[in-house]
Structure formats: C-alpha cells, structure tokens
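Order of the sequence lines fixes the chain letters, A, B, ..., with proteins taken first and strands second; residue numbering starts at 1 for each chain.
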Number of protein chains: 2
Amino acid sequence: MDPLSATFAALADPTRRAILGRLADGEATVTELAEPFDMTTQAVSKHLRVLEEAGLITRGRRAQWRPSRLREDALDDATDWLEHHRAAFRQRFDALDREIAALRKDEENDRGKH
Amino acid sequence: MDPLSATFAALADPTRRAILGRLADGEATVTELAEPFDMTTQAVSKHLRVLEEAGLITRGRRAQWRPSRLREDALDDATDWLEHHRAAFRQRFDALDREIAALRKDEENDRGKH
DNA sequence: GCATTGTTCAACCATCAGGTTGCACAACCG
DNA sequence: CGGTTGTGCAACCTGATGGTTGAACAATGC
C-alpha cells in the first residue's frame with residue numbers, strides 16, 4: 001500500500017486516533033495504552049503495528065516493555081495532501097462564485113437594453 | 001461509522017483521492033470519472049457512494065447522468081483534526097527538546113563543580 | 001529455579017472493502 | 001416503437017480488518 005493510503009487508513013479508526021492522542025503526552029507501553037479501552041492488549045498491540053507500519057510511531061525496547069512514541073514527522077504528508085487539496089477545492093468554488101456573479105451582471109445588462 | 005473515520009477511510013484509497021482531484025476541475029459524470037481507470041463504471045460508482053456517504057461529494061441528477069461535485073466543506077473536519085494534532089505533537093517534541101537542553105545544562109554545571 | 005509480567009505470535013471468526021459479472025431501469029435517439 | 005447509453009443494484013469472490021483465545025517467549029522478582 002502506498003504511504004499516503006496507509007496513513008489515512010491508520011487514521012480511519014477511533015481507537016488508533018485515541019492512541020495517537022495519548023502518545024502526544026509522552027511515550028507509553030502497550031498495557032498503559034490498552035487501559036482505557038474495553039479490549040485485550042493483543043488487540044491494542046495489533047493497532048500499534050498498524051500505526052508503526054504507517055510510519056506514525058516508533059517502538060523502543062526496554063526490558064520486557066515496548067514503549068511507543070510518536071514520530072516527529074508523522075502527520076506531515078497527510079497534512080500536506082489535505083491542505084493542498086483543500087486549497088484547490090476552495091479555488092474551484094471561488095471560480096464558481098465569479099461565474100455566477102458574471103451571469104448576474106449579464107442579466108442586468110440584458111434588462112438594461114429593453 | 002463516525003464521520004471523521006468515514007472521511008479518513010474514504011481518503012485511504014488512491015482511486016478515490018484521484019477522483020477528488022479530478023472533481024476540483026468541476027463536476028463530472030460516472031463514465032467521465034471512470035475513464036482514466038482500468039476499472040468498470042460500477043466499481044467507480046461504488047467509490048462515489050463511499051465519497052458521498054463520507055460527505056465529501058454530492059450527486060446531482062440530470063436526465064440519465066448523475067454528475068458528482070465536491071462539497072465545499074468536504075475536507076474541513078479532517079484538516080482540523082490533523083492540524084490540531086500535528087500542533088500538539090510538535091509541542092510534545094519541543095518539550096522534549098527543552099528537557100534535553102536542561103539535562104545538558106545540568107551536566108555542564110556538574111562538570112563546573114569539579 | 002520458578003512464578004509473574006509484558007508482549008508478541010498463531011489460529012480462528014465475523015465483517016468489510018474493492019473488485020467482478022449480470023441484470024434492471026430510465027432517458028435519449030433513430 | 002426499439003436500440004443504445006448511463007447508472008445503480010444484487011450476488012459473488014478474494015483479501016484485509018478488528019476482534020478473540022491460547023500459547024510462546026523474554027525479563028523481572030522472590
């Protein structure tokens with residue numbers, strides 16, 4: 001899967017988004033991350049694998065713990081795509097607005113000629 | 001599915017992202033949208049349904065054509081989430097930087113006492 | 001050494017996603 | 001009217017996802 005698709009897919013799950021939010025407070029182990037959820041640690045471990053493969057987190061290794069932490073550039077590509085396209089979309093709607101304004105003006109002129 | 005998850009899930013597919021890019025140039029019918037892809041129109045129709053249910057596009061009805069067009073506020077929620085969290089992540093890393101700088105300073109002070 | 005703890009792995013299950021084909025239906029065009 | 005075109009719907013297939021349970025393994029603590 002291409003990296004951008006992997007990132008958006010990783011973000012398309014509320015559990016994973018909550019995990020990312022938690023990690024903004026600092027690194028955490030699997031059991032710590034699993035605590036708020038009604039879910040086994042194995043399930044959370046799977047979510048962490050998805051986040052890691054999407055390049056959103058990295059995972060350390062300290063004794064039997066595997067602390068997860070955010071990657072600093074985690075959301076850069078996704079943010080770039082979204083901002084770029086949102087800007088393009090806005091431009092499109094602005095163009096439409098101008099067209100509509102031009103049509104209105106034509107109508108006025110037509111009425112003037114009568 | 002919650003709206004934010006639906007939006008990210010919709011964006012997690014290169015075909016759908018390409019369709020959105022195409023729609024930034026103006027509305028288009030299913031067959032027009034399907035043309036660049038090695039895929040049946042039915043498959044594209046399914047993608048459009050996903051985009052519609054995620055609130056990213058709306059679909060008109062003109063004779064036997066169903067023109068799709070972007071929703072003006074399509075990417076707002078997703079952009080908000082990403083920008084908010086990217087900012088929070090940055091703050092986290094800035095805090096880490098400060099901690100590291102403080103540790104370095106302590107070391108210097110310790111050396112000074114010898 | 002042995003029980004406990006934190007984590008992963010493997011197998012399994014149910015559901016969903018992305019594609020196909022085939023058909024149905026509505027609107028146009030001769 | 002009958003044929004063509006644009007689209008949607010239903011059934012189906014395959015592979016991925018999100019969860020479970022049970023076992024394995026590595027490191028800790030008595």
### Task
Can you measure from CD (E35(A)) to OG1 (T41(A)) and round to the nearest 0.5 angstrom?
12.5 Å
### Message
Looking at the base of dG22(C), is there any donor atom on it, or on the side chain of Q42(B), that sits under 3.5 Å from an acceptor on the other one?
### Response
yes
### Message
Less than 4.0 angstrom between a side-chain N/O of T41(B) and OP1 or OP2 of dT7(D), yes or no?
### Response
no
### Task
Find the distance E35(B):CD to dT5(D):P and express it as a whole number of Å.
16 Å
### Query
Side-chain donor or acceptor of E32(A) under 3.5 Å from a matching atom on the base of dG6(C)?
no
### Task
Determine whether the side chains of R66(A) and S45(A) contain a donor N or O and an acceptor N or O closer than 3.5 Å.
no
### Message
dT5(D), OP1 or OP2 - any side-chain N/O from T31(B) closer than 4.0 Å?
### Response
no
### Query
Under 4.0 Å between a side-chain N/O of R49(B) and OP1 or OP2 of dT7(D), yes or no?
no
### Message
Counting distance alone, no hydrogens or angles: does the base of dG8(D) have a donor or acceptor under 3.5 Å from a partner atom on the side chain of K46(B)?
### Response
no
### Query
In whole angstroms, how far is the P atom of dG18(C) from the CG atom of L48(B)?
13 Å
### Query
Distance-only, no hydrogens or angles: does the R17(A) side chain make a donor-acceptor pair with backbone N or O of L11(A) under 3.5 Å?
yes
### Query
Between T79(A) and D76(A), does any side-chain donor sit less than 3.5 Å from a side-chain acceptor?
no
### Query
How is R61(B) classified with respect to the nucleic acid when contacts are heavy atoms under 4.0 Å: base, sugar-phosphate, or nothing?
nothing
### Task
Quick one: pull up CE in M1(A) and OG1 in T7(A) and give me the separation to the nearest 0.5 Å.
8.5 Å
### Message
If you assign A9(A) and W65(B) each to the DNA chain D nucleotide with the nearest heavy atom, which residue ends up on the more 5' nucleotide?
### Response
W65(B)
### Query
If we fit an axis to the first five pairs and another to the last five of the helix from dG1(C)-dC30(D) to dG30(C)-dC1(D), what angle do they make, to the nearest 10°?
10°
## Note on the structure
Here the distance between atom P of dA17(C) and atom CZ of F8(A), to the nearest Å, is 17 Å
### Task
Please state whether the phosphate of dA17(C), meaning OP1 or OP2, lies under 4.0 angstrom from any side-chain nitrogen or oxygen of H47(B).
no
### Query
Nearest-Å distance, CE (M1(A)) to P (dA16(D))?
10 Å
### Query
Just how far, in rounded Å, is P of dG15(D) from CG of D13(B)?
18 Å
### Task
Find the distance L51(B):CG to dG8(D):C1' and express it as a whole number of Å.
16 Å
### Message
OP1 or OP2 of dG8(D) versus the side-chain N and O atoms of S45(B): is any pair under 4.0 Å?
### Response
yes
#### Entry: Between NE2 on residue H85(A) and CG on residue L23(B), distance to nearest 0.5 Å
11.0 Å
### Task
Just compare dA11(C), dC28(C), dG19(C) and give me whichever is closest to any side-chain atom of Q64(B).
dC28(C)
### Query
Quick one: are D13(A) and F8(B) in side-chain contact, heavy atoms under 4.5 Å?
no
### Phosphate-side-chain proximity, R66(B) and dG6(D), N/O vs OP1/OP2 below 4.0 Å
no
### Query
How many Å lie between CZ on R16(A) and P on dA16(D), as a whole number?
15 Å
### Query
In terms of side-chain heavy atoms of M39(B), which of dT8(C), dT28(D), dG19(C) is nearest?
dG19(C)
### Message
Over all strands shown, is R59(A) touching base, sugar-phosphate only, or nothing at heavy-atom distances under 4.0 angstrom?
### Response
sugar-phosphate
#### Entry: Whole angstrom value for the distance that separates P of dT8(C) from CG of L33(A)
11 Å
### Query
Which part of the nucleic acid, if any, lies within reach of R62(B) when heavy atoms closer than 4.0 Å are counted: base, sugar-phosphate only, or nothing?
nothing
### Query
What distance do L82(B) atom CG and F89(B) atom CZ have between them, rounded to the nearest 0.5 Å?
9.0 Å
